[in-house]
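Here you go, one structure.
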Amino acid sequence: MFERIRKSDPEFFPRLSRQQRPKYLWIGCADSRVPANEIVGLLPGELFVHRNVSNLVIHTDMNCLSVMQYAIAILQIKHIIVCGHYGCGGIKASIKRYELGLIDNWLYGVGALRQKHQAVIAAETDEAAQTDVLCEINVIEQVHNVCNTSIVQQAWRRGQNLEVHGLIYGIHDGRLHDLAVTVGSGPTR
Ligand code: CO
């Protein structure tokens with residue numbers, strides 16, 4: 001793929017090496033089947049990416065917060081995409097009460113989310129469907145968390161154009177769904 005780019009646009013990589021100007025920050029799951037750039041069809045240089053297990057935005061996670069701060073304040077990205085995926089292993093572990101080790105601590109918040117929404121989850125017939133509904137709830141919760149960070153709040157207060165989107169990807173069909181929970185200000189896209 002990169003060989004093709006080199007041939008059609010010999011200046012592409014030299015130009016990229018000088019600076020990046022992505023418009024999007026992607027916060028997605030670390031799952032190997034959910035590759036950020038490929039899912040949205042964006043080239044190197046177009047997507048700033050942070051990934052962790054179950055695409056969580058936790059207010060004490062310096063890694064995620066630093067990525068957000070740099071992306072918003074320095075790179076001036078216009079959109080934050082929180083992207084979950086159906087059948088997420090971290091979410092499934094919470095539904096099935098698996099004990100997997102250290103990762104259980106990382107996923108602690110997912111358990112709290114499961115309890116908070118247990119009526120909606122219990123209405124689903126099987127564990128796969130319960131997992132998928134919690135996958136969606138989790139994305140919406142993380143969009144909420146992104147919006148409530150001091151970084152995003154300050155950006156909006158400064159009048160910076162910044163939208164936060166919640167998407168979910170189907171590993172089983174390769175489709176990307178917009179959960180229609182976009183929050184933000186300014187001219188779109
Ligand atoms: Co996952």
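For ligands, and for the atoms within them, numbers begin at 1 and follow the listed sequence.
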Trace of the side-chain hydrogen bond (donor to acceptor under 3.5 Å, both in side chains) decision for Q130 with D126: CA-CA 6 Å; Q130 289 177 349; D126 58 47; over 6 Å; no
Taking the hydrophobic residues Ile, Leu, Val, Met, Phe, Trp and Tyr, and joining any pair whose side-chain heavy atoms are under 4.5 Å apart, which ones share a cluster with L107?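 Noted: L107 shares its cluster with V53, L56, I58, I91, I95, Y98, L100, I103, W106, V110, L113, V120, I121, V133, L134, I137.
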Would you check if there is a donor-acceptor pair between the side chains of Q142 and N145 at a distance under 3.5 Å?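 Judged by distance alone, the side chains do pair up.
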Run through the protein N/O/S atoms less than 2.8 Å from the Co ion (ligand 1) and write them out by chain and number.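 C29 SG, H85 NE2, C88 SG, with waters left out.
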Going by the rule side chain to side chain donor-acceptor pair (under 3.5 Å), which residues pair with E46 if we only count those two or more places apart in sequence or in a different chain?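 Testing E46 for side chain to side chain donor-acceptor pair (under 3.5 Å), a comparison that skips the adjacent residues, returns none.
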Among residues at least two apart in sequence or on other chains, which ones pass side chain to side chain donor-acceptor pair (under 3.5 Å) with D104?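 D104 satisfies side chain to side chain donor-acceptor pair (under 3.5 Å) with no other residue.
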Lys/Arg-Asp/Glu bridge criterion (N-O < 4.0 Å) met for K78, E163: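 Salt bridge: no.
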